[in-house]
Amino acid sequence: MARARHPTEDPTWVKALVLAVVAAFLALVLILPLAAVFAEALRKGLAVAIDAIAHADALAAVKLTLITAAITVPFNVVFGLCAAWAVAKHDFPGKAFLITLIDLPFSVSPVVAGLIYVLVFGLQGWFGEWLLDHDMKVIFAVPGIVLATIFVTFPFVARELIPLMQEQGVSEEEAAISMGASGLYTFWRITTPNVRWGLLYGVLLCNARAMGEFGAVSVVSGHIRGLTNTMPLHVEILYNEYDFVGAFAVAALLCLLAIVTLVLKTALEVAQPAVRRGGH
Amino acid sequence: MTISIRSVQKQFGRYPALNNVDLEIADGELLALLGPSGSGKTTLLRAIAGLEFPDSGQVLFHDNDVTYASAAARRVGFVFQQYALFKHMTVAKNIAFGLDVRKGKDKPPKAEIARRVDELLKLVELDGLGGRYPSQLSGGQRQRVALSRALAVQPSVLLLDEPFGALDATVRKSLRKELRRVHDATGVTTIFVTHDQEEALELADRVAILNKGKIEQIGTPREVHDNPVSAFVCGFVGESSRFTGKVEGGRFVAGGLTLPAPGLADGAAEAFVRPHDFVLADDGVEAKVERVNVQGALVRVDAVLTGGARIEIAASRADADRFVGTVKVAAAKSHVYAA
Ligand SMILES: Nc1ncnc2c1ncn2[C@@H]1O[C@H](COP(=O)(O)OP(=O)(O)OP(=O)(O)O)[C@@H](O)[C@H]1O
Ligand SMILES: [Mg+2]
């Protein structure tokens, strides 16, 4: 006798087929290329790959990438918390407009984002001369790279937190305030702890994008070796110079950073339900 | 603490949620705000708590104008409909919150806070559960935590918004008694919101009935039940059979039924008769018995008057056997209002 099937369960062969399609697709577009990156990087042996990463220009690129992420992520945490708090817990005119504005980087091409900053801060731009007179450099320098990265990443934390805070409503905050807590105390002790998992998740996504951003950064960077190249830009340069092992070695390092991020994210998701049960 | 609400007005958009509300609450009183959904109960409670500011009018605490004082400054205990417990804190931390936020010399020492938390847990019969998180409690237990958290700051007023709304009937009943007990033990002026008239009548010293942002009547449970001032109150508080008809020469007539309506001008009117005010009477109107329901010491009878109106009668169990076929009933007491 055939085992009773759950009413919503499809026959076995259908499941197998669907799974096979998904697996084949993943292998083709995700796993294969990823494996290729590591294979190429290690083609002439581990030592050569490590040499490529230890090259001064490569190290400078790693350093710049880390600096960019180190500035961008905290900025986005502060901005994201403030924006989400304002949008989710308060009513004010122009709220819908603010939400649209936060979404802007998602809909604008990163290249355009880069160009905006060139237009504003570049030599021919609005503040170009003023910056030159004051001996400050934004475009083709670290500040421009950070600005462009902030632009493309700033929806991540805010977008993660807004629905979460909205779902939680304001009654816990009201309870805290009615017991004599100040607004700031309530924000730190009640609002923020309630969204801490969402915040961490947003930070990881933001960090991954900050380290991997190519388009916007490429426009404002100027590609000065050892100075204004981030890891993605450095990979491109090496590749264009036919230094495949070098290119893939740096790319592999970038992949490793992404994988670490993903593992952290998954670990969070596993840990989260235990806390989520804390909801009513 | 006495509380006075004077001509309080609050609009949301163009709709008045509170329309010229006046209310005096005596020190140590347990007052129920009763009304249908959307009548402004929560808005009034929040205006007292300082979580909402009125457009005009005054809120006085013991003769001090606190209309626009912050919630924090008012020292009220507020119990929210959905409890609003802090999910990420233990029960003990939740209860201690109001003491933990204090600064400087206002803040009691740690040991004192712990002692107070234990005392409150005991008061609401939750001893030993201080280490749990809200998610590890039943609905009724959460409600009690919310109550003791509100009491921890030794509030001058305790405000509860539909405190038992989310609980099942048995738990409601026992928590009701508990609230009364806690109120009597602490003597704190208490206002609670409910749309359950049984709850209001059973629990409160006085009941204020709200309708469309206005207070229709305020009085003891007995007063509002026995002498409702308007058709709305009569229909909302207690059970009754309702008739629409007209007043002619001091008498209300509808279908076959005639009721006294002294002092009422001729015109359209509605009348209400409580189930226990219907009595068997030889000179009464005919009613066809449809269903007889025994409820403890009472029988409840559904019947139809010859004129077609449905009525509900409550009688003593001893009379149960008399309700068969067609009976003659009269109203010993009725309430008639011009429509
Ligand atoms: N923040 C708000 N914005 C707009 N309208 C509101 C707001 N709060 C309440 N109202 C409106 O004011 C009226 C009274 O609301 P309130 O919450 O006081 O009713 P309630 O008597 O507590 O009802 P319920 O029994 O359903 O809780 C309702 O019509 C409601 O729609
Ligand atoms: Mg309400």
Side-chain angles (χ1 to χ4, degrees), chain A residues 77 81 84-85 88-96 160-203 268-280, chain B residues 12 42 45-46 48-52 69-90 93-103 106-107 132-139 141-143 145-146 149-155 157-161 166:
Chain A
V77 167
L81 270 173
W85 187 63
K89 311 265 176 181
H90 301 270
D91 260 325
F92 52 90
K95 186 160 132 174
E160 191 67 37
L161 293 184
I162 288 171
L164 208 59
M165 283 194 186
Q166 270 170 342
E167 179 199 336
Q168 303 198 334
V170 294
S171 55
E172 282 185 47
E173 280 82 359
E174 286 182 344
I177 284 170
S178 77
M179 282 184 278
S182 68
L184 204 61
Y185 187 93
T186 306
F187 179 72
W188 284 119
R189 293 293 304 277
I190 307 296
T191 310
T192 311
N194 269 333
V195 296
R196 61 194 188 275
W197 295 100
L199 181 62
L200 264 171
Y201 193 80
V203 163
L268 276 183
E269 276 167 357
V270 172
Q272 191 176 16
V275 176
R276 265 288 167 86
R277 260 179 264 132
H280 307 213
Chain B
F12 288 115
T42 298
L45 202 68
R46 288 168 61 87
I48 299 173
L51 295 170
E52 204 90 70
S70 72
R74 294 190 196 194
R75 287 232 329 190
V76 296
F78 202 104
V79 175
F80 291 80
Q81 189 164 1
Q82 296 299 329
Y83 320 135
L85 296 178
F86 306 133
K87 298 189 264 301
H88 61 289
M89 295 185 192
T90 61
K93 275 276 161 205
N94 262 281
I95 297 175
F97 186 88
L99 303 171
D100 279 337
V101 295
R102 293 195 186 161
K103 290 192 200 80
D106 283 345
K107 185 169 175 168
R132 296 230 190 139
Y133 283 89
S135 58
Q136 298 166 321
L137 300 177
S138 72
Q141 288 170 330
R142 281 178 204 165
Q143 181 56 63
V145 175
R149 182 178 69 175
L151 287 170
V153 291
Q154 286 176 314
V157 191
L158 181 61
L159 306 169
L160 306 101
D161 192 358

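Keep in mind the model is a prediction, meaning the values are calculated, not measured. Proteins come first, then strands; the chains are lettered A, B, ... in the order of their sequence lines, and each starts at number 1.
- F80(B) contributes atom CZ, which lies 7.5 Å from atom CZ of R149(B) (distance to the nearest 0.5 angstrom).
- Using a 4.5 Å heavy-atom threshold, the side chains of M165(A) and N194(A) count as separate.
- Of the atoms belonging to R46(B), it is side-chain heavy atoms, and not backbone ones, that fall under 4.5 Å from chain A.
- Considering E173(A), E172(A), K89(A) as possible partners of T191(A), the one that fulfils the side chain to side chain donor-acceptor pair (under 3.5 Å) test is E173(A).
- At a heavy-atom cut-off of under 4.5 Å, chain B is reached by I177(A), S178(A), M179(A), G180(A), A181(A) from residues 177-184 of chain A, listed in order of number.
- With a 6.0 Å cutoff to the six-membered ring centre and a 45° limit on the axis angle, R189(A) does not count as a cation-pi contact of F97(B).
- With a 6.0 Å radius and a threshold of 12 heavy atoms from other residues, nucleotides or ligands, K93(B) has its NZ atom at or below the threshold.
- To the nearest 0.5 Å, atoms CG (L81(A)) and CH2 (W188(A)) are separated by 6.0 Å.
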